[in-house]
2 protein chains.
Amino acid sequence: MFGCLVAGRLVQAVPQQVAEDKFVFDLPDYENINHVVVFMLGTIPFPEGMGGSVYFCYPDQSGMAVWQLLGFVTNEKPSAIFKISGLKSGKGSQHPFGAMNLPQTPTVAQIGISVELLENLAQQTPVASAAVSSVDSFTEFTQKMLDNFYNFASSFAVTQAQMTPNPSEAFIPANVVLKW
Amino acid sequence: MFGCLVAGRLVQAVPQQVAEDKFVFDLPDYENINHVVVFMLGTIPFPEGMGGSVYFCYPDQSGMAVWQLLGFVTNEKPSAIFKISGLKSGKGSQHPFGAMNLPQTPTVAQIGISVELLENLAQQTPVASAAVSSVDSFTEFTQKMLDNFYNFASSFAVTQAQMTPNPSEAFIPANVVLKW
């Protein structure tokens, strides 16, 4: 389903599947890696309404795994380039790989892909320095999520004539959502 | 043998083979492309002593094909990321696709890969603005070619005791080659 490519090295097309919805690629000698490409192979799309969050995991000085959110791949944006060379001193982010006991070798990092609902992905903020060409993708992705939310919210829209009297229920004018 | 990936889009793994040693990928809607990844699939390596020069080809205002050398892939560096978004106003470079009548559609560009001797690749200079992570690769590649040249040249090295008298023949001290 996924491929991973470290610039300058051979492509990897067989991730390790560590859970039903979680996939991991090993990145040996990660301290000499600048850019990583994560892409869908084009064989199996994400299920409707799902996408993948892409994490970089590396061992900190004490050998503990630090996970950082790089960005996303979706059926609409099935590939992304990430810059990982600036990440090695950054803080970890919340991640869904917590319970997994992945082997931590000092010179091996990982790319983890977690398949999640698109709504969940839209609430996650990747580390800014990871964005290469995914900057545009991410902006577009967020825009698309907002559009989806507007479509979703406006499907419940009523005019005042249609309202049943209920003084305790709050209504948000549709154009407020649109502006936001 | 080769794959091509436009950041944000699906991977292409089947190039059009336009000559025995030349391969082409189409890049539709190329004006919205920032980065292109070119990589070997890992199935078939280059023949011994050969590598691939990677070109970007786009139609100029009059519809003529402009070819620009992006860089190289070799068995030692089987993948590279190139930035093509800054290239569209640049000058064309010498290229080996001259005689080929590739279709020129205004919005479609191409990635061309030409399989050539490593010695030939070492004499070609890619456009500087195309380099992303291939900067290191290219420097290393050049270094490797120089090493190869030193190994090649020093295999002919003789000491003064071994020289047959021939005043018209010039000798280059080995450490001059090494310093260069």
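In what follows, chains carry the letters A, B, and so on, assigned in the order in which the sequence lines appear, proteins first and then strands, with residues in each chain numbered from 1.
Side chain of A:S79 to main chain of B:V6: a donor-acceptor pair is present (N/O by atom type, distance under 3.5 Å, no hydrogens or angles).
Exactly one residue among A:V36, A:V37, A:L5 makes a side-chain contact (heavy atoms from CB on, under 4.5 Å) with B:I81. That residue is A:V37.
Hydrophobic clustering places B:L117 together with B:V115 (ILVMFWY residues linked when any side-chain heavy atoms are closer than 4.5 Å, directly or through intermediates). Residues A:L70 and A:M1 share a single hydrophobic cluster, defined by chaining ILVMFWY side chains whose heavy atoms lie under 4.5 Å apart. Under the 4.5 Å side-chain contact rule for hydrophobic residues, B:L10 and A:V132 do not share a cluster.
Legend: residues meeting ring-ring contact (aromatic ring centres under 6.0 Å, His included) with B:F23, ordered by chain and number and at least two apart, are B:F2. In this view, A:D29 and A:R9 satisfy the salt bridge (Lys or Arg N to Asp or Glu O under 4.0 Å) rule, not counting sequence neighbours.
For residues 39-50 of chain B, the interface with chain A (any heavy-atom pair closer than 4.5 Å) comprises B:F39, B:M40, B:L41, B:G42, sorted by residue number.
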